[in-house]
Amino acid sequence: MYPRAEKRFVLTNRITIIVLFLVIAAGGIVRSTGSGMGCPDWPKCFNRIIPPTDVSQLPEGYEQQYIDGRAKKNQRFAKIVEFFGHPEMADKIRHDQSILAHEEFNAAKTWTEYVNRLVGVAAGFCLLFSAIFSFTYLKTKPSIVVWSVLNVFVVVLQAWLGSIVVSTNLMPWIITVHMLLALLIVAISIYTFYQATTLRNKTILSNQHVKGIKALAFVSLVLMVVQVVFGTEVRETIDHLSSQLVARQEWVANLGDSFSVHRVLAYVSLGLTVILFFLVRSRFSSLTLQSKYAWIVIVLIGIQMLSGIVLARFNVPAFAQTTHLVVASLLFGAQYYLMLLMTKLQR
């Protein structure tokens, strides 16, 4: 069905999407285990390609060395934040001493963060190869080339932002932006995959009027992104409670408005997804991609709701935190692809 060059791009793009979800999973593990500062510098880890396994391998006075390096990077970043019209935020980056707090060496956390970075590097190479292989579409579908190349620039921006996450000691709003950029990278990769596959096989598109269903899928997708934002705020509150040594069994009771909104939106999202599921199932054969992805979405949101209940009822266990994040990203990807599949076949 596909010429060899196009088949190579489709395969590479498919692998890229899988690796991107692995990056998000690795990031979730880092977040839930508190390993975000396992490496106090970037891109190396303790200025080594292979990180240390014991504190005796670190040079004397390494703590102040990395604190000074992070402080200089934060000063540069503060200028960027100020340039974009946020002087108060820039002032906090410059003067909040908690940002420069040193975290004691922990080999397990260091290697957890290091593996996360290795997976991120693998994703970067996958995106680079996808961009190179996309040039086979330069004449037939140039938008694939444009988006694939753009995605390389976005992932470079994401890598730089990752260094800022480290230098600012996991500043909450930067982590939120970091997560949203990850979803954007996933969305672009899914879009180029969709464009490439439908170029040769238009039969997977809808042959009927589905504007209403596509609009509902779009609303559900936007709500998913809003959920992610509130979810990161909830996570930030948990980090604060943990740093204040609040007992784990009291965390949920002290989460505040962000958790309440997050929970209400979860039920709204569930309702929209169920409606979307039945609409798709009533319009499409069970053998179509639309029907299959409707099932994938409904199963994922079921798992997501279950992991949310476990988080709320069992004092936010770490495994459920990672599950909640990974399933949320998978749900975003499945919802986005389902929305794309609602495009009407042009005859």
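These numbers come from the heavy atoms of this one structure, side chains and all, not from hydrogens, waters or symmetry mates.
Partners of A196 under the side-chain contact (heavy atoms from CB on, under 4.5 Å) rule, at least two apart in sequence or in another chain, are F9, V10, Y137, I144.
Aromatic pair F105/F46: ring centres closer than 6.0 Å.
Annotation: F277, atom CZ; neighbour count of heavy atoms from other residues, nucleotides and ligands within 6.0 Å is above 12. Atom CD of Q249 sits in a crowded spot, with more than 12 heavy atoms from other residues, nucleotides or ligands closer than 6.0 Å. Around atom CH2 of W251, more than 12 heavy atoms belonging to other residues, nucleotides or ligands sit under 6.0 Å away. The local environment of CG in D54 is crowded, with over 12 non-hydrogen atoms from other residues, nucleotides or ligands closer than 6.0 Å. For K92, the NZ atom is loosely surrounded, since the number of other residues' heavy atoms within 6.0 Å does not exceed 12. Around the CZ atom of R313, the shell of radius 6.0 Å holds no more than 12 heavy atoms that belong to other residues, nucleotides or ligands.
Linking Ile, Leu, Val, Met, Phe, Trp and Tyr whenever their side-chain heavy atoms come within less than 4.5 Å leaves F314 and V246 in two separate clusters. If you chain together hydrophobic residues whose side chains sit under 4.5 Å apart, V297 and Y337 fall into the same group. Linking ILVMFWY side-chain heavy atoms closer than 4.5 Å, directly or via other members, places W295 and L279 in a single hydrophobic cluster.
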Using the rule given for side chain to side chain contact (heavy atoms under 4.5 Å, CB included), can you reason through I132 versus T12, listing the C-alpha separation, both sets of side-chain angles and the distance that settles it, and then say yes or no? CA-CA 10 Å; I132 294 170; T12 303; over 6 Å; no
Under the criterion side chain to side chain donor-acceptor pair (under 3.5 Å), I'd like the reasoning laid out for T136 against E6: C-alpha separation, chi angles, the key distance, then a yes or no. CA-CA 7 Å; T136 189; E6 291 186 15; 5.3 Å; no
Between L20 and S189, does the side chain to side chain contact (heavy atoms under 4.5 Å, CB included) criterion hold? Intermediate values first, please. CA-CA 9 Å; L20 286 172; S189 291; 3.6 Å; yes
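Side-chain atoms of S130 and T16 include a donor-acceptor pair closer than 3.5 Å.
Residues V326 and L330 are in side-chain contact: their nearest non-hydrogen atoms beyond the backbone lie under 4.5 Å apart.
Note on R117 versus E113: salt bridge recorded, some NZ/NE/NH1/NH2 to OD/OE distance being below 4.0 Å. Ionic pairing of E82 and R94 is present here: one or more N-O contacts between side-chain nitrogen and carboxylate oxygen are shorter than 4.0 angstrom.
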